[in-house]
Amino acid sequence: MKKFDNLLERDFHIVEKRKIIFAIPLVIIFVAAVMMIIFNFTLGSPLNLGTDFTGGYSIDVKLGNKLTSANYDAYCERIKDAMSSVKTEDGEELSIRVDNMQMQGSGDSGAIHVKYYALKGVSEPEMISKVNPAIQSALEDSVLKIIPDTEIDGNKIYITYNDVLSEPAFADQRETFQKAIESLNEEHDAAIVLSEDEAQAIVLNADNKKQIIITCENSVNVSDALTEAITDVMKINDEYAGSVTQGDLVGATVSTELIFNAVLAVALALVFMLCYIGIRFQLSSGLACIIALFHDILIMFSFMAICRIEINNTFIAALITILGYSINNSIIIFDRVRENTKSIYSKEMTSEQVANKSIRETLLRSINTTITTLIMILMVAIIGVEDIKIFAFPIIIGLIAGTFSSICIAPSFWALFQRVGKNKKNFHIDSKPSRDKTDKKAKTAEIGA
């Protein structure tokens, strides 16, 4: 540990290496710009914007007590599958892109809140009157019904459900099952011919009340298409399931307003930070801090673009969090800069030496703070739910970028501003002829006369 402390106390001459330091984020931003161009042509959009920014819709799948943390992922898969192959009343197939899903409530109020994107080229009235009802119907058919497992063995078809079927419920459904199976004959060339003994054709398994046994006259030719068709017609309504209700609409106007408010919030934060730091320290310190914060914003956006992570309200919250964290680290360093510039030894030091000394004195504190924060965020990212993980990723990137900018970017720009300021001052002094030289020239002229 002592060796590590001694290593951090060394002068790495960070400020003198500013060309390399400035090149690192520029390369990342360039790569992100290239990837965004590629994504724009291949995927249709440079950034993966959520419905909070692009506009979209939401729907609630209410499942009550049937929804648990154990089967939540399975229900999400069923919802995604259903929405990827929605069909309208006209038979038109629609591929609905899901934004995100979130588990809400528990017990009787358990539900899954689903956000999805509006279809491109489809007007809002058409979405509301045609597409959304088709989505609702598809979810009711896929999620609120019990989907069985189908197994074909010779002339027997075994239909197994997850829940027990009562005798009265089976009796009510028996005729429906028979008509559904017979309807498959036309589509599959008489592949299924029920037993002539109608009492034995479709029965509830006496030993396993979750299973229905269908007896046919001849052996059934097994195929994936036929198995899938039997499974589809043998779905039954889940009497314990809830309902599917249409939720909120996020229109383009709301999305534009949200983007404007987000940009305005960040801009105001930067202006107030500049004013405070300019008054508390120096204007050059404030400008250096703002440049460092712009660096953090661009790096976070770059990694979100490269990794194709969704940008939504959660990202804006993470962005503002990192701005506050990063400026705190920068202020700590500039507090040392101010103290070192007041030192009696500072007159013999260049601005680069003052900046390096300040970095060296605060480096261990900055790194320790970042590491302890990263440990907590990493734990959240590993064990948290999906929405928390989406929040944790930009926070992790922002922590690293903020630490880099506060240690390397901000002090380097401060030293650069100081050097430029001194050069200008020296230029003005040297450009004015001294009084001694003027007097000497005047006396020379008089003697000559």
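No hydrogens, no waters, no symmetry mates; every other heavy atom, side chains included, goes into these values. All residue numbers in this chain count up from 1 along the given sequence.
Asn208 and Tyr158 are not linked by any side-chain donor-acceptor pair at a separation below 3.5 angstrom, with hydrogens and angles left out of the test. With hydrogens and angles left out, the side-chain atoms of Asn71 and Thr68 include a donor and acceptor closer than 3.5 Å. Side chains of Ser405 and Asp296: a donor-acceptor N/O pair is present below 3.5 angstrom, by distance only. Between the side chains of Ser406 and Ser330, no donor N or O sits under 3.5 Å from an acceptor N or O.
Rounded to the nearest 0.5 Å, atoms OG1 (Thr245) and CD (Glu140) are 9.5 Å apart. In this structure, CD1 on Ile14 lies 10.0 Å from CZ on Arg360, to the nearest 0.5 angstrom. To the nearest 0.5 Å, atoms CD1 (Ile29) and OG (Ser302) are separated by 5.0 Å. Atom CD1 of Ile291 sits about 10.0 Å away from atom CG of Leu274, to the nearest 0.5 Å. Taking NE2 of His295 as the reference point, atom CD1 of Ile28 lies at 6.5 Å (rounded to 0.5 Å). How far CZ of Phe303 is from CD1 of Ile397: 5.0 Å, rounded to the nearest 0.5 Å.
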Subject >> Worked check of ring pair (Phe, Tyr, Trp, His ring centres under 6.0 Å) between Tyr276 and Phe281 >> reply: CA-CA 8 Å; Tyr276 170 76; Phe281 300 99; 7.2 Å; no
Subject >> salt bridge (Lys or Arg N to Asp or Glu O under 4.0 Å) between Asp335 and Arg338, intermediate numbers included >> reply: CA-CA 5 Å; Asp335 184 60; Arg338 183 184 59 181; 2.7 Å; yes
Original post:
For Asn356 and His13, what are the C-alpha separation, side-chain angles and deciding distance, and is it a side-chain contact (heavy atoms from CB on, under 4.5 Å)?
Top reply: CA-CA 6 Å; Asn356 283 327; His13 300 286; 4.2 Å; yes
Original post:
Would Thr370 and Tyr325 count as a side chain to side chain donor-acceptor pair (under 3.5 Å) if you check the C-alpha gap in whole Å, the side-chain angles of each, and the deciding distance to 0.1 Å?
Top reply: CA-CA 10 Å; Thr370 301; Tyr325 180 90; 3.3 Å; yes
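A donor-acceptor pair under 3.5 Å is absent between the side-chain atoms of Ser326 and the main chain of Ile322, judged by distance alone. With hydrogens and angles disregarded, no donor-acceptor distance shorter than 3.5 Å links the side chain of Ser137 to the backbone of Pro133. For Asp60 (side chain) and Lys62 (main-chain N/O), no donor-acceptor pair under 3.5 Å exists by modelled atom type.
Phe315 has its ring centre less than 6.0 Å from the ring centre of Phe301.
Cation-pi check for Arg308 over Phe39 is met; the charged atom lies under 6.0 angstrom from the ring centroid and within 45 degrees of its normal.
Sparse packing is recorded around CZ of Phe294, with 12 or fewer heavy atoms of other residues, nucleotides or ligands lying under 6.0 Å away. Around the CG atom of Leu268, the shell of radius 6.0 Å holds more than 12 heavy atoms that belong to other residues, nucleotides or ligands. Atom NZ of Lys235 has more than 12 neighbouring heavy atoms from other residues, nucleotides or ligands inside a 6.0 Å radius.
Nearest heavy-atom pair across Ile311 and Met304 is CG1-CE, 4.1 Å. For the pair Ile396 and Ala381, the tightest heavy-atom approach, listed with the atom from each and the gap, is CD1-CB, 4.4 Å.
Looking at Lys156 and Asp153, no side-chain N of the basic residue comes within less than 4.0 Å of a carboxylate O on the acidic one, giving no salt bridge.
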